[in-house]
Structures are given as C-alpha cells and as structure tokens.
Amino acid sequence: MKAKKIVVVGGVAGGASFAARMRRLDEHAHIILLEKGPYISFANCGLPYYIGGVIQNRDALLIQSNERMQNVFNIDVRPLNEVISLDAQKKTVTVKNLQTGETYQENYDYLVLSPGAQPIKPPIPGIEHAPVFTVRNLLDADAIKKYLSTNPVKKAVVVGGGYIGLEMADNLYKLGLELSLVEKAPQLIGTIDYDLAAIVADHIVSKGVKLYLGDGVVEFKQQDKTTKVVLESGKTIDTDLVILAIGVRPDVGFLKESGLEFGPRGGIKVNAKMQTNLPGVYALGDAAEVIDFNTGVETLIPLAGPANKQGRIVADNIAGLEKTYKGTQGTAIAKVFDLTVATTGSNERTLQAQGISYKTAVTLPNSHATYYPDAHMMTVKTHFSPEGKILGAQIIGYEGVDKSIDVLATALRLGLTVYELQELEHAYAPPYNSAKDPVNMVGFVAENMLAGRLETVSWEDIGKRDAFLLDVREKVEVERGMIAGSHHIPLGELRRRLHELPRDREIIVVCRVGQRAYTAACSLRQHGFNARVLAGGYKHYSAVTKALKTINN
C-alpha cells in the first residue's frame, strides 16, 4: 500500500500534536511540517512570564525542538517555510522558503491546516513609529526583552484587558514599571460576568495600575523619547512602552482564494471530524471555527488545550479511527496579580444573547477549612438551566480556584446537573478543603433555588425594587458597614421581633455571604412573609459596589 503523504501547515500546539500522534499511528506516512516561524513547538502561554522574569530560561519554552521532532518522529520539519497558497484541485500548496526567498510546490494526499492566529494590530495613526509590541511568539518576547534591556523604560501601557493583557500587566508590574491599562469595552475579561470583572478591576487598581475602561486608543504620538497614547476620551498617557493585546484573528489570508469555506467568525469551517469542505483537507486550532459546547453556535475559541485535542482527533481520523470533536466549552484560567480568575461554559451575556433561560447561584466558600490557617474566600458564580443543567461557571479568588473550576468544567462536559454536584465526593483534609466542598455548595444552593426553597436577588437589584432590607448579621459586623436603609435584626433575635417586619412588602434578607440569610428567609416564609435572599450576601454586594466606585472615578 502506498504511504500517505501528509502536509501540515503550522506547528505549535495543534500541528505539532497532530504530527506526533500521526507518526505513532502510522510509521510509514510521509509527514512534512511547514512552519513559517523558526520554532515548531513552543509554549506561547508562558511568554508573559518569560518577559517578567518568572521563567528565566528561554529554552524552557521550547516544548519540542525541530531536531528532536525530526529525529524521534521521523518528520520532515521545515521551519521558516511559509505556505502562501493552496490549490485544492491539484492537491498542492505553494511554499516560500523565508531563508532563501525561493518558492516551490508540495503535493499532498492529506493537508492539515494549523496556521494559528495573528495578533490584531489596527491601523492606528503613529503605530508604526511607536514602541508598540504584540505578544504572540518567541520572537515577540525576544523583541520586548531586548527593548526593556536597552532602553530606560519606566512606564508601560497595556492595551487590552483580556487574559494576555492582564498577564502582561502582572509581569510588567513585577519589573517595577509604572503601569496603565486601556480597555475599550466597559469591563475587563469579556468571558466573565460584569460583577466579577469589576472586582478584578478593583484589585488591579489597588496595585497602583491606572485603569481606563470604555476607552480606546486613537493615536500614538512620538515626542522625543516619549510616546503619548491618545484615547477616544481625549485623555493622554505618556509612556515608554506599549503592549498591544486586543485579541487575535485566524491567520488565514493565504487561503482566501483556495475554495475553502469559512464560518461566520472568519475561521475555517469544519465538521465534527475537523474536515473542511475540500477533499483531504483538515483544519484545527485557532484558525478553525468550532461548535460552542453549550450553545451549539459556531465560534472561535483560541485555547491551547482544545488545539492539542483537535490535533489528536485529526490524526485518528486520517488513520481511520473515526473520532469526532464535540465542541469547546471555553475553560480558561489566569493569574491576575494576586487573584486567580477562571471560567468555563457560558457567561450571562452569551446566555442572554442566545435566549437561553437560566438561574444563577453566587456562593462564597473558603479554599479550605476555616479553622486551618490561611483559608481564602472564593467567589463562585454558576449558571444553570431551570432543569438543573450546568451552563457555565466563573470563579475568582486567591487559592483553590483551579481545583473547583476543573471539577465544574468536568461536570459540565459530562452533562451532570446541579443535583449531582451535591453527590460528588471530594478529597478532604483541613489544609486542602472543607467537608462541604465548594462544588458541593453550588449544588446545595442551586437545588434549593430549583425547589423553590430559596429565592434570590442580585446585587444590582438593590435599589431597583420597593423592598424592605433586613440585615441579620451581628452588631459588630454591621458596624463595619451595611447597605443604606437596612433594618438590623440579628438572626438569633429574629423570631421574637417579627412584629417589626412588613407583611405587605418584599423582604430582602442580607447576611455576610448568604447562609444565615437563607436560614432567616426559610423561617420568614413559613411565617407568611415574602422573603428573598441577597445572592452572595453583603460580602459580594460591597465588593462589587466598591469596585464600581473605584474604577468609575
């Protein structure tokens, strides 16, 4: 049987994973890996930490060397070879050798497209003459490191409040630079909800970072050795360095005349087997549009984990193993200064845009048993359907965030309901967890909501409803702060002071995080009162409202 000839366009996460898996499945296939950069496999997620000095060894970012890939896997590795066009009828690609400038054609039996994405760099006036850098590959990181070491950089501006922008801000902060962060959207991290994003923004401001939300860059002006960043609002920021991290787009320009079908977001359209509309042509990674696991909508979700899995699936299909990719749920995590921010599934904005009915549980568990030192509170926000299906979750906190988001992401992927979250059995010892795991607590709260035992209102409902606010915390707690207009009755005194409460108005019960308020509301409802609980309690309400005051001033 004739050996398959497989041409792979692009390495890094998807293409390199495909090539290694393909070789393990087929010893005789002729595999050519074409990469326009000098490295076929590197850890681009580690670039901000290399720039900030957390990762000191540059070679540690090289996951697989070109030589090792060639020697161990017998793959024809060709770095600095850029594919510039595809002829699907002839089953050939035209390649430009970036070292010699020559072009040549390579035929294939199977073509695997993994060109990745390129940073968005809009034509802002002055951008070509200012020290503006993107962060996408090792060469970008090298350029930034070199600029920092050869210029007197004291101030930096990061444009873009997504994960990469925030990770870059964190690492430039570690270098002692005076920082400004500009984000055109009204919030940071578009994949999380507005209230949690506000808390993250407040945390960043507390570090001394100047934050400009809802404001975009319109011009870069060079004045001597200083760059003046001009914003839409008319504000200006003087800086020595600009990091542009406003997002990425599929790097598919060379394929526009190929006959490939593209999806609504500009990525390559593929089916569940990662096949394109062209015979023998597959696509994966950041350049391919995938199905949102939750909503079924075609979308772009540029993440390393899904790209690696897709590479494996494409190899399996070419080898005849018949595998399908079931969608991406967007599980992600980032270190943002001292905070950890994580998400999986759909946020409120997505659910509302798709017309999906949902309920929301806000819980504030501790990372481990409170009686063991150094327990840290997390904020867990979980969306679920009226039938109990988990739709999405977000967590911010200082410790334990990664564990809980991974459990929730697994539950979402496996189709578990919030009822089943109650039954999950987690490892428990005081240094690591609580007997009631944070994920169990999500299940308990959600089940009470679905059963009608618990009705909640959100932080933003306060002041919008003609409701009686009842604070059931202890005196020492309310002395530190309470919602304006609240009536204070400690939980232990509530039953003998029911006469102080109105029976003709909605009562919103407030405690620190919601647990005591739930106990109070259960009692009040059985006494004939219309009682609801403030989701997340005073802790969440005060964190969000304080954050909004800080970032809006």
(message) Using every non-hydrogen atom in the two residues, find where Leu188 and Ala197 come nearest and quote the distance to one decimal.
(response) O-CB, 3.4 Å
(message) Tell me if a side-chain donor or acceptor on Asp240 pairs with a main-chain N or O of Lys154 at a distance below 3.5 Å.
(response) yes
(request) Look at atom CZ of Arg23 and say whether more than 12 heavy atoms of other residues, nucleotides or ligands are closer to it than 6.0 Å. (result) yes
(message) Evaluate Thr299 against Asp292 for side chain to side chain donor-acceptor pair (under 3.5 Å), listing each step before the verdict.
(response) CA-CA 6 Å; Thr299 188; Asp292 183 308; 5.7 Å; no
(message) Are there over 12 heavy-atom neighbours, none belonging to Lys91, within less than 6.0 Å of that residue's NZ?
(response) yes
(request) Supply the atom-to-atom distance Ile268 CD1 to Leu300 CG, rounded to the nearest 0.5 angstrom. (result) 10.0 Å
(message) Closer than 3.5 angstrom, by distance alone: can the side chain of Asn151 be matched with the main-chain N or O of Val153 as a donor-acceptor pair?
(response) no
(message) Restricting to non-hydrogen atoms, name the atom on Gly190 and the atom on Asn347 that form the minimum distance, rounded to 0.1 Å.
(response) O-ND2, 3.1 Å
(message) Between Gln105 and Asn107 (side chain of the first, backbone of the second, donor and acceptor by atom type, cut-off under 3.5 Å), is there such a pair?
(response) no
(message) Apply salt bridge (Lys or Arg N to Asp or Glu O under 4.0 Å) to residues Lys228 and Glu219 and explain how you reach the verdict.
(response) CA-CA 8 Å; Lys228 193 176 289 290; Glu219 187 178 3; over 6 Å; no
(message) Please determine whether side chain to side chain donor-acceptor pair (under 3.5 Å) holds for the pair Thr226 and Asp238, giving the CA-CA distance in whole Å, both sets of side-chain angles, and the decisive distance to 0.1 Å.
(response) CA-CA 6 Å; Thr226 299; Asp238 290 339; over 6 Å; no
(request) Just say parallel, tilted or perpendicular for the rings of His376 and Tyr398, cut-offs at 30° and 60°. (result) tilted
(message) Measuring from atom CG of Asp76 to atom CD1 of Ile31, what distance do you get when rounded to the nearest 0.5 angstrom?
(response) 10.5 Å
(request) Specify the closest pair of heavy atoms between Leu303 and Asp286, including all atoms of both residues, with the distance to one decimal. (result) N-OD1, 3.7 Å
(request) Indicate the atoms forming the closest heavy-atom contact of Ile164 with Ala245, along with that distance. (result) CG2-CB, 4.2 Å
(message) Taking side-chain contact (heavy atoms from CB on, under 4.5 Å) as the criterion, tell me which of Val217, Val132, Val229, Val159 meets it with Ile124.
(response) Val217
(request) Any chance you could measure Leu391, atom CG, to Thr382, atom OG1, to the nearest 0.5 Å? (result) 10.5 Å
(request) Would you give the length of the straight line joining atom CZ of Arg265 to atom CZ of Arg249, rounded to the nearest 0.5 angstrom? (result) 12.0 Å
(message) Is it the case that atom NZ in Lys121 sees more than 12 heavy atoms from other parts of the structure closer than 6.0 Å?
(response) yes
(message) If we check side-chain contact (heavy atoms from CB on, under 4.5 Å) with Ile51, which of these qualifies: Ile243, Leu148, Asp142?
(response) Leu148
(request) For atom NZ of Lys5, decide whether the heavy atoms of other residues, nucleotides or ligands shown that lie under 6.0 angstrom number more than 12. (result) yes
(request) Could you give me the CA-CA distance, side-chain angles and deciding distance for Asn44 and Tyr39, then say whether side chain to side chain donor-acceptor pair (under 3.5 Å) is met? (result) CA-CA 11 Å; Asn44 49 6; Tyr39 309 105; over 6 Å; no
(message) Could you go through Lys546 and Asp202, starting from their C-alpha distance and side-chain angles, then the distance that decides it, and tell me whether this counts as salt bridge (Lys or Arg N to Asp or Glu O under 4.0 Å)?
(response) CA-CA 8 Å; Lys546 170 185 172 293; Asp202 184 52; 2.8 Å; yes
(message) Do Asp215 and Ser233 pair up side chain to side chain, a donor and an acceptor below 3.5 Å, judged on atom types alone?
(response) yes
Could you pull out all donor-acceptor pairs under 3.5 Å where a side-chain atom in residues 61-68 meets a protein atom, sequence neighbours excluded?
| unit_1 | atom_1 | unit_2 | atom_2 | d |
| --- | --- | --- | --- | --- |
| Gln64 | OE1 | Arg68 | NH1 | 3.0 |
| Ser65 | OG | Arg68 | N | 3.0 |
| Asn66 | OD1 | Ile40 | N | 3.3 |
| Asn66 | ND2 | Pro38 | O | 3.0 |

(message) With a 3.5 Å distance limit and no angle check, can you tell me whether Ser149 reaches the backbone of Lys146 through a side-chain donor-acceptor pair?
(response) yes
(request) State whether Tyr49 and Lys174 meet the cation-pi test: NZ (Lys) or CZ (Arg) under 6.0 Å from the six-membered ring centroid, and within 45° of the perpendicular axis. (result) no
(request) Give the C-alpha distance, both sets of side-chain angles, the deciding distance and a yes or no for side chain to side chain contact (heavy atoms under 4.5 Å, CB included) between Ser41 and Met69. (result) CA-CA 9 Å; Ser41 183; Met69 180 67 93; 5.7 Å; no
(message) Quick check: do Asn137 and Val12 have side-chain heavy atoms less than 4.5 Å from each other?
(response) no
(message) Using a 6.0 Å cut-off, check whether atom CD of Gln56 has over 12 heavy atoms from anything other than its own residue.
(response) no
(request) Indicate yes or no for a side-chain donor-acceptor contact from Thr236 to the backbone of Val230 under 3.5 Å, with no hydrogens or angles considered. (result) no
(request) Taking all heavy atoms of Met274 and all of Ala288, pick out the closest pair and write down the distance. (result) CE-CB, 4.5 Å
(message) Counting C-beta onward and ignoring hydrogens, is there a side-chain heavy-atom pair between Arg312 and Asn308 closer than 4.5 Å?
(response) no
Sequence neighbours left out, cut at 3.5 Å: what donor-acceptor pairs do the side chains of residues 330-339 make with other protein atoms?
| unit_1 | atom_1 | unit_2 | atom_2 | d |
| --- | --- | --- | --- | --- |
| Thr331 | OG1 | Gln329 | NE2 | 3.4 |
| Thr331 | OG1 | Thr344 | OG1 | 2.7 |
| Lys335 | NZ | Asp170 | OD2 | 3.0 |
| Lys335 | NZ | Phe337 | O | 2.8 |
| Asp338 | OD2 | Lys207 | NZ | 2.4 |

(request) Start with the C-alpha gap between Arg136 and Asp251, add the side-chain angles, then the distance that decides, and say whether salt bridge (Lys or Arg N to Asp or Glu O under 4.0 Å) holds. (result) CA-CA 12 Å; Arg136 186 63 183 173; Asp251 190 3; over 6 Å; no
(request) Please round to the nearest 0.5 Å and tell me the distance separating atom CG of Leu196 and atom NZ of Lys381. (result) 6.0 Å
(message) Less than 6.0 angstrom from the centroid, inside 45 degrees of the normal: does Lys309 satisfy that with respect to the ring of Tyr325?
(response) no
(message) If we check side-chain hydrogen bond (donor to acceptor under 3.5 Å, both in side chains) with Lys269, which of these qualifies: Glu261, Glu289, Glu298?
(response) Glu298
(message) Between Asp193 and Gln394, is there a side-chain donor-acceptor contact under 3.5 Å, judged purely by atom types and distance?
(response) yes
(request) Examine distances only and state if a side-chain atom of Asn171 and a backbone atom of Glu167 form a donor-acceptor pair shorter than 3.5 Å. (result) yes
(request) Find the distance between CG (Leu548) and CG (Leu213) and round it off to the nearest 0.5 Å. (result) 10.0 Å
(message) What verdict does the side chain to side chain contact (heavy atoms under 4.5 Å, CB included) test give for Tyr282 and Gln310, after you've listed the backbone C-alpha separation in whole Å, the side-chain angles of each residue and the deciding distance to 0.1 Å?
(response) CA-CA 10 Å; Tyr282 293 75; Gln310 292 161 18; over 6 Å; no
(request) Decide yes or no on salt bridge (Lys or Arg N to Asp or Glu O under 4.0 Å) for Arg21 and Asp316, but give the supporting numbers first. (result) CA-CA 8 Å; Arg21 172 69 170 175; Asp316 287 354; 2.8 Å; yes
(request) Kindly give the heavy-atom pair with the smallest separation between Val9 and Phe254, and that separation in Å. (result) CG1-CZ, 4.1 Å
(message) Is there a side chain to side chain contact (heavy atoms under 4.5 Å, CB included) between Ser458 and Thr360? Walk through the geometry before answering.
(response) CA-CA 9 Å; Ser458 73; Thr360 302; over 6 Å; no
(message) Is it true that, when you exclude Lys549 itself, more than 12 heavy atoms of the residues, nucleotides or ligands shown sit nearer than 6.0 Å to its NZ?
(response) no
(request) Using modelled atom types only, decide if a donor and an acceptor are shared between the side chain of Glu82 and the backbone of Lys96 within a distance under 3.5 Å. (result) no
